[in-house]
Amino acid sequence: METEILLKATGVGKRYRKDGFELLPIDVSLKAGEVTGLVGENGNGKTTLLTILAGLLHPDKGDLNYSFVDGLPWDKIKMETGYISQSLRTWTGTVYDNLHFNATIHGVKGEENKRYVDQLIKDLGLWEYRLLDWSELSGGYKMRFELAKVLAGKPKLLILDEPLANLDIKAQASFLNDLRNFQQGIDYPLSIIVSSQHLYRIEEVSDHIIFLRKGKCLYNGPVNDLKGSNESMIYELVVVENHELLKKALEHSLIEKYSRDGNTFIVYAKAEMDASSFLQHLIYEKIVLQAYRDITGSTRQFFE
């Protein structure tokens, strides 16, 4: 059975006359039950693309088609779309009251309202904070509240712009896992697109990845296809000392090339040198690693 496409954007692009930045035409399909990760460095077009998809910014070119409405009635589209920006808005009243109110204005009423909001609060780890107001929540729980507030309206699309920016490492993983678990546990179609520079966290929960650099899409496809698109193995190393010794070790015949940024090295090796063989080679050459990661199947390979 084919997955329902909730939003299909075809060739959407945007150019800013003031600074000349341009988001080049890109196709985006957001499917029910899937998480799409949008990655890239700041200033490369992520927020521009998200605000276009949310109906908050008009594209210069391209078409948008939302399967849950006919045409482009933006008032109805926005009622079915949850958008969370990097800057969270303040609010008054308790977490509990706000969530009940938001569910009500989106048509979730009566006993269904109470059951749904109670379950939502529990799923997102807000139960013990439900009677607190804005000033009493930490930054991480303010983001969770904003997420709960949007989900209280049962949106078809959930669009999050850098939700991990102000969270610590533990909170980042917890937030994304809870979000994914919520999506898998509901009985209505929901597609999620989330942007972040924390690409490893995003890749762990995403079905589909879009990578932008300088407004251009360098990759747009399933996470699992990233590794298959490479003919080489790609490794990321952090080596603090003896860089000359490492450079000598990287002269191996199965190593094609490498790049360096400070203490971080990106190494391209032939397919025959798998991760185990590569690490054994470095150990034999007495290289002391501070960090190591196989990024053959990660968008990290595009950050050069």
Side-chain angles (χ1 to χ4, degrees), residues 5-31 34-90 142-143 146-147 149-150 155-167 191-199 201-203 206 208-221 226 229 259 261 299-304:
I5 297 177
L6 299 176
L7 168 57
K8 187 174 182 62
T10 306
V12 293
K14 180 73 177 180
R15 187 176 189 278
Y16 296 93
R17 295 180 181 178
K18 186 174 181 179
D19 61 8
F21 176 81
E22 182 176 9
L23 174 67
L24 296 174
I26 181 174
D27 297 340
V28 178
S29 292
L30 300 183
K31 298 180 179 180
E34 287 192 354
V35 175
T36 298
L38 177 61
V39 296
E41 296 176 310
N42 283 339
N44 282 257
K46 299 193 302 297
T47 296
T48 295
L49 177 58
L50 292 183
T51 49
I52 288 174
L53 299 181
L56 301 174
L57 181 67
H58 185 71
D60 295 333
K61 59 187 72 174
D63 298 304
L64 294 164
N65 182 270
Y66 300 81
S67 67
F68 45 86
V69 295
D70 293 325
L72 292 175
W74 289 112
D75 57 335
K76 294 181 180 179
I77 291 170
K78 289 176 183 177
M79 282 292 287
E80 299 281 5
T81 302
Y83 175 73
I84 301 178
S85 68
Q86 298 179 46
S87 301
L88 300 181
R89 295 170 294 177
T90 59
K142 286 175 180 175
M143 174 57 73
E146 192 69 23
L147 175 62
K149 185 179 177 182
V150 167
K156 300 293 194 305
L157 300 176
L158 178 59
I159 301 171
L160 301 101
D161 191 359
E162 294 285 351
L164 307 183
N166 297 314
L167 305 183
S191 182
I192 299 171
I193 181 168
V194 52
S195 73
S196 180
Q197 294 187 71
H198 300 275
L199 62 152
R201 295 291 185 194
I202 293 297
E203 289 171 353
S206 295
H208 194 96
I209 286 287
I210 298 171
F211 182 90
L212 296 179
R213 177 191 283 167
K214 297 181 180 178
K216 181 179 180 180
C217 180
L218 297 188
Y219 183 82
N220 187 353
L226 270 165
S229 64
S259 62
D261 182 8
T299 50
R300 174 66 180 87
Q301 62 191 270
F302 301 123
F303 283 84
E304 287 194 73

Participant: Please round to the nearest 0.5 Å and tell me the distance separating atom CD1 of Ile193 and atom CG of Leu38.
Facilitator: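 Ile193 atom CD1 to Leu38 atom CG measures 5.0 Å (nearest 0.5 Å).
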
Participant: Rounded at 0.5 Å granularity, tell me how far CG in Asp70 sits from NZ in Lys76.
Facilitator: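 One gets 8.0 Å once the value is rounded to the nearest 0.5 Å.
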
Participant: Please check if atom NZ in Lys78 has more than 12 non-hydrogen atoms from other residues, nucleotides or ligands closer than 6.0 Å.
Facilitator: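 Result for NZ/Lys78: enclosed.
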
Participant: What are the two closest heavy atoms between Gly11 and Pro25, and how far apart are they?
Facilitator: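 So the minimum-distance heavy-atom pair works out to O-CB, 3.8 Å.
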
Participant: Quick one: do Leu199 and Arg300 satisfy side chain to side chain contact (heavy atoms under 4.5 Å, CB included)? Show the steps, please.
Facilitator: CA-CA 7 Å; Leu199 62 152; Arg300 174 66 180 87; 3.6 Å; yes

Participant: Verify the distance criterion only: is there a donor paired with an acceptor across the side chains of Thr51 and Tyr83 at less than 3.5 Å?
Facilitator: no

Participant: What distance do Leu24 atom CG and Arg15 atom CZ have between them, rounded to the nearest 0.5 Å?
Facilitator: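 So the CG of Leu24 and the CZ of Arg15 are separated by 10.5 Å.
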
Participant: What is the minimum heavy-atom distance between Gly82 and Pro155, and which atoms define it?
Facilitator: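 Answer, listing the atom of Gly82 first, then Pro155: N-CB, 3.7 Å.
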
Participant: For residues Leu212 and Cys217, report the shortest heavy-atom separation together with the two atoms involved.
Facilitator: CD2-CA, 3.8 Å

Participant: Could you please spell out the steps behind the side chain to side chain contact (heavy atoms under 4.5 Å, CB included) verdict for Val28 and Thr36?
Facilitator: CA-CA 10 Å; Val28 178; Thr36 298; 5.6 Å; no

Participant: Where is the tightest heavy-atom contact between Phe21 and Lys214, given as atom of each residue plus distance?
Facilitator: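 Heavy-atom minimum between the residues: CE1-C, 3.9 Å.
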
Participant: Has Glu203 got a side-chain atom pairing as donor or acceptor with Thr299's backbone, closer than 3.5 angstrom?
Facilitator: yes

Participant: Take atom CG in Asp19; do more than 12 heavy atoms of anything else shown fall under 6.0 Å from it?
Facilitator: yes

Participant: Would one find more than 12 heavy atoms of other residues, nucleotides or ligands at under 6.0 Å from atom CG of Asp75?
Facilitator: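 More than 12 heavy atoms, drawn from other residues, nucleotides or ligands, come within 6.0 Å of this atom.
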
Participant: If we ignore hydrogens and angles and just use 3.5 Å, is the side chain of Thr81 paired with the main-chain N or O of Leu157 as donor and acceptor?
Facilitator: no

Participant: Find out whether Ile159 and Leu53 are in side-chain contact, i.e. whether some heavy atom of one side chain is under 4.5 Å from a heavy atom of the other.
Facilitator: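 Counting from C-beta outward, Ile159 and Leu53 do come under 4.5 Å.
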
Participant: Please find the pair of heavy atoms, one from Leu7 and one from Leu64, that lie closest to each other, and give the distance.
Facilitator: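 Smallest heavy-atom distance, with atoms named: CD1-CD2, 4.3 Å.
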
Participant: Take a 6.0 Å sphere around CG of Asn166 and say whether it holds more than 12 heavy atoms from other residues, nucleotides or ligands.
Facilitator: no

Participant: Hey, what do you get for OG (Ser206) to CZ (Arg201), rounding to the nearest 0.5 Å?
Facilitator: 13.0 Å

Participant: Would you call Val194 and Pro163 a side-chain contact if the rule is heavy atoms closer than 4.5 Å?
Facilitator: yes

Participant: Within the distance-only criterion (no hydrogens, no angle test), does the side chain of Thr10 pair as donor or acceptor with the backbone N or O of Asp27 below 3.5 angstrom?
Facilitator: no

Participant: Please name the residue in the list Leu30, Leu72, Leu6 that meets the side chain to side chain contact (heavy atoms under 4.5 Å, CB included) test with Tyr66.
Facilitator: Leu72

Participant: Check whether Asp161 reaches the backbone of Leu50 with its side chain - one donor and one acceptor, N or O, closer than 3.5 Å.
Facilitator: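 Checking the backbone N and O of Leu50 against the side chain of Asp161, no donor-acceptor pair under 3.5 Å is found.
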
Participant: In sequence, state the C-alpha distance, the side-chain angles, and the governing distance for Lys46 and Glu162, and then conclude on salt bridge (charged side-chain N to carboxylate O under 4.0 Å, His left out).
Facilitator: CA-CA 9 Å; Lys46 299 193 302 297; Glu162 294 285 351; 3.8 Å; yes

Participant: With heavy-atom distances below 4.5 Å as the criterion, would you say the side chains of Tyr16 and Thr48 are in contact?
Facilitator: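 Result yes, sub-4.5 Å side-chain heavy-atom pair found.
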
Participant: Set out, in order, the CA-CA distance, both residues' side-chain angles and the distance that settles side chain to side chain contact (heavy atoms under 4.5 Å, CB included) for Ile210 and Tyr219, then state yes or no.
Facilitator: CA-CA 6 Å; Ile210 298 171; Tyr219 183 82; over 6 Å; no

Participant: For the NE2 atom of His208 and the CD atom of Glu34, what is their distance to the nearest 0.5 Å?
Facilitator: 8.0 Å

Participant: I need the minimum non-hydrogen distance between Leu164 and Ile202, along with the two atoms involved.
Facilitator: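 It is CD1-CD1, 4.3 Å.
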
Participant: Do Ile5 and Asn65 come within less than 4.5 Å of each other through their side chains, counting heavy atoms only?
Facilitator: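 The answer is no, as the side chains (C-beta and beyond) never meet within the 4.5 Å cut-off.
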
Participant: Evaluate Lys216 against Leu218 for side chain to side chain contact (heavy atoms under 4.5 Å, CB included), listing each step before the verdict.
Facilitator: CA-CA 6 Å; Lys216 181 179 180 180; Leu218 297 188; 4.3 Å; yes

Participant: Working to the nearest 0.5 Å, report the span between CG of Leu49 and CG of Leu23.
Facilitator: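 So the CG of Leu49 and the CG of Leu23 are separated by 6.0 Å.
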
